[in-house]
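The block underneath contains the structure these notes are about, expressed in structure tokens.
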Amino acid sequence: MTKKRVFSGIQPSGNMHLGNYLGAVKRWVERQAEKENFFCVVDLHTLTVPQDPEALRQETRSLTALLFAAGLDPDKSILFIQSHVSAHAECCWLLNCVTPLGWLERMTQYKDKAGKQESVSTGLLDYPVLMASDILLYDAHEVPVGEDQKQHVELARDIAQRFNHLFGETFVIPEPVISEAGARVMALNDPAVKMSKSEAHVRGHAVRMLDEPAEIERAFKRAVTDSGKEVRFSDDPAKAGVNNLLEIYRVITGKGKEEVEADFAHARGYGDLKKRVAEVVIEELRPIRERYNVLMQDPAALDRLLARGAEQARAVAEPKLREIQGRVGLVLPG
Ligand code: AMP
Ligand code: TRP
């Protein structure tokens, strides 16, 4: 039986945090043997808002090292940098020409981000079409993402359907795969908002992947909870802080909700809870940080891994791009 294709992407902007890890990367790692996987560090998406060039380069390398360190295995998954496979940008142009402007103007992420900026790049509006290109070039069946990216995957489906309708069956229609546990890790300093890269530098907001144990412990100690003392899962907004800590613990330990609550049945208040959640997070991240440090000390080895990933990705994306070019009426180079 042929394996289902999985495609997902992650931006090399700012610090990867526990939310990215639990909501995305950890699941990629756990499932990599079952599927045929493509994981892409989407540097072109990051350029849609202003970046410092040197910092972008540094963060792109650092993120790829972190993903390998987190357990993405080059023998099971194809991990590559988006800009190394030029078919993504070329495909984006072709899909732009069949995507109604109104579809893009409706995107929630665009409206949010555009509202926060004085000047908005064309790339920011076009972001979901590039994302659709990422996915459709690989005929991916499944796209694991956090809840916030579901709308973009649905747009990729719409674009694929429209293209198939206009030019004949070309694309697989992808499905978003949103995991329930860890789909939304909330900020430690404000459990009403999602932990986010753009706030990850704010003290107490996030646990970053490379934080030292002492910092992780401090972040959990300061985590906002409520004035009660009951340690249980709850969808009451007033208990969102405790719920978030329990969710983090649940995803890392792989336990069921009842088992998790039983673990804390004798906790003395939230202090105990915070301490034990910090412990499991520290132990989860420790080996990742160690492997990361080894990889970053050998840039040539990292380059070799990335060259191999890009080559394997091109072997799929380039023939697909030719097919798309043929469909729309381009003269293919002889
Ligand atoms: P980004 O930080 O936007 O590049 O997101 C990379 C991946 O992590 C995407 O699949 C996001 O949906 C996911 N993600 C980002 N923030 C969180 C969060 N707080 N909780 C769960 N998943 C998240
Ligand atoms: N937009 C996604 C995010 O910020 C990243 C991304 C780019 C992506 N291309 C993708 C995710 C393709 C899944 C599939 O999280």
Side-chain angles (χ1 to χ4, degrees), residues 5-29 37-49 56 59-60 63 66-67 70 79-83 85 88-89 91-92 95 107-110 112-113 123-124 126-157 159-160 172 174-200 205-209 240 243-244 247-248 251-252 313 317:
R5 281 235 176 114
V6 175
F7 189 102
S8 198
I10 185 164
Q11 289 203 48
S13 53
N15 285 302
M16 179 170 154
H17 53 69
L18 192 64
N20 300 128
Y21 176 66
L22 297 180
V25 177
K26 187 173 165 66
R27 278 182 301 136
W28 300 353
V29 171
N37 313 284
F38 293 85
F39 297 118
C40 185
V41 171
V42 292
D43 51 352
L44 299 177
H45 276 105
T46 302
L47 290 175
T48 57
V49 293
L56 174 61
E59 282 178 12
T60 304
L63 177 59
L66 200 46
L67 293 172
L79 171 59
F80 66 103
I81 294 177
Q82 189 184 32
S83 62
V85 182
H88 292 238
C91 179
C92 180
L95 297 183
M107 291 291 111
T108 329
Q109 179 178 291
Y110 171 71
D112 279 359
K113 287 194 184 173
L124 190 65
D126 203 28
Y127 177 117
V129 184
L130 181 59
M131 182 162 158
S133 309
D134 297 340
I135 298 167
L136 301 179
L137 271 176
Y138 295 86
D139 283 319
H141 303 94
E142 295 179 8
V143 185
V145 283
E147 185 65 43
D148 62 323
Q149 294 298 316
K150 192 171 168 216
Q151 192 183 37
H152 288 159
V153 181
E154 280 161 359
L155 187 85
R157 288 171 62 89
I159 293 174
V172 167
E175 295 281 348
V177 178
I178 317 280
S179 94
E180 185 234 332
R184 249 172 106 79
V185 175
M186 309 310 282
L188 297 182
N189 63 350
D190 179 2
V193 305
K194 227 180 57 157
M195 191 177 282
S196 97
K197 277 185 184 157
S198 57
E199 299 292 310
H205 175 92
V207 169
R208 292 163 301 183
M209 292 299 283
N243 193 67
N244 189 39
E247 281 292 349
I248 291 171
V251 180
I252 292 180

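None of these values were measured; they are calculated from a predicted model. Every number for a ligand or one of its atoms is a count from 1 in the order of the listing. All values below come from the heavy atoms of this structure, side chains included, with hydrogens, waters and symmetry mates left out. Numbering starts at 1 and runs along the sequence shown.
- A heavy-atom separation below 4.0 Å is found between His17 and ligand 1.
- Counting only N and O atoms by type, the side chains of Gln109 and Asp148 include no donor and acceptor under 3.5 Å apart.
- Counting only heavy atoms of the protein, atom 10 (C) of ligand 2 lies nearest to Met131 CG, 3.4 Å.
- The two residues Leu95 and Ser133 come nearest to each other via the heavy atoms CD1-OG, 3.6 Å.
- If you look at Leu130 next to ligand 2, there are no close heavy atoms at all, none under 4.0 Å.
- Looking at ligand 1, you'll find an N or O of Gly19 within less than 3.5 Å of one of its N or O atoms.
- When side chains are defined from C-beta on, Glu247 does not count as touching Leu22, because their heavy atoms never get closer than 4.5 Å.
- Between Tyr110 and His152, the gap from one ring centroid to the other reaches at least 6.0 Å.
- Considering only residues two or more places apart in sequence or on other chains, Glu199 meets the side-chain hydrogen bond (donor to acceptor under 3.5 Å, both in side chains) condition with none of them.
- Near Gly23, meaning under 4.0 Å from one of its heavy atoms, ligand 1 places the atoms 21 (C), 22 (N).
- Note that the SG atom of Cys40 and the CD1 atom of Ile81 stand 9.0 Å from one another [nearest 0.5 Å].
- Residue-to-ligand polar distances place Gln149 within reach of ligand 2: an N/O pair is separated by less than 3.5 Å.
- Shown in contact with Phe7 at under 4.0 Å from a heavy atom are these atoms of ligand 2, numbered in order with element: 12 (C), 14 (C).
- Residue Gln109 has no N or O atom closer than 3.5 Å to an N or O atom of ligand 2.
- Between Phe38 and Phe7, the ring planes lie parallel to each other; the angle is under 30°, not in the 30° to 60° tilted range.
- Side-chain contact between Met131 and Gln149 is present, with heavy atoms from C-beta onward closer than 4.5 Å.
- Looking at His45 against ligand 2, only its side chain comes within 4.0 Å, counting heavy atoms.
- Side-chain contact between Arg27 and Val251 is absent, with no heavy atoms from C-beta onward closer than 4.5 Å.
- Each of Leu66, Val145, Leu67, Val42 was checked for a side chain to side chain contact (heavy atoms under 4.5 Å, CB included) with Ile10, and the lone residue meeting it is Leu67.
- Near Tyr127, meaning under 4.0 Å from any of its heavy atoms, are these atoms of ligand 2: 1 (N), 2 (C), 3 (C), 4 (O).
- Here the straight-line distance linking atom CD of Gln11 with atom OG1 of Thr46 works out to 4.0 Å at 0.5 Å rounding.
- Of the protein's non-hydrogen atoms, Gly9 N, 3.3 Å is the one closest to atom 11 (C) of ligand 2.
- On a distance-only criterion, Ile10 and ligand 1 share no N/O pair closer than 3.5 Å.
- To the nearest 0.5 Å, atoms CD (Glu175) and CD (Glu142) are separated by 8.0 Å.
- Which parts of ligand 1 touch Gln11 is read off a 4.0 Å heavy-atom cut-off, strictly below it: atoms 4 (O).
- Between Val25 and Ala70, the shortest heavy-atom distance links the atoms CG1-CB, 4.0 Å.
- Of all atoms in ligand 1, listed by their number and element, those nearer than 4.0 Å to a heavy atom of Val145 are 10 (O).
- At a heavy-atom cutoff of 4.0 Å, ligand 2 is contacted by the side chain of Ile135 but not by its backbone.
- The Lys197 neighbourhood of ligand 1 comprises atoms 1 (P), 2 (O), 4 (O), with distances under 4.0 Å to a heavy atom of that residue.
- Each of the following atoms of ligand 2 lies closer than 4.0 Å to a heavy atom of Val145: 11 (C), 13 (C).
- Where the criterion is an N or O separation shorter than 3.5 Å, residue side chain and backbone included, Asn20 meets it with respect to ligand 1.
- Less than 4.0 angstrom separates some heavy atom of Val143 from each of these atoms of ligand 2: 13 (C), 14 (C).
- In terms of N/O distances under 3.5 Å, ligand 1 is approached by Gly146.
- An N or O contact shorter than 3.5 Å links Asp148 to ligand 1 by distance.
- The neighbour count for Lys150 NZ, taken as heavy atoms of other residues, nucleotides or ligands under 6.0 Å away, does not exceed 12.
- Taking any N or O of Asp134, backbone or side chain, at least one lies under 3.5 Å from an N or O belonging to ligand 2.
- Looking at Met195 against ligand 1, both its backbone and its side chain come within 4.0 Å, counting heavy atoms.
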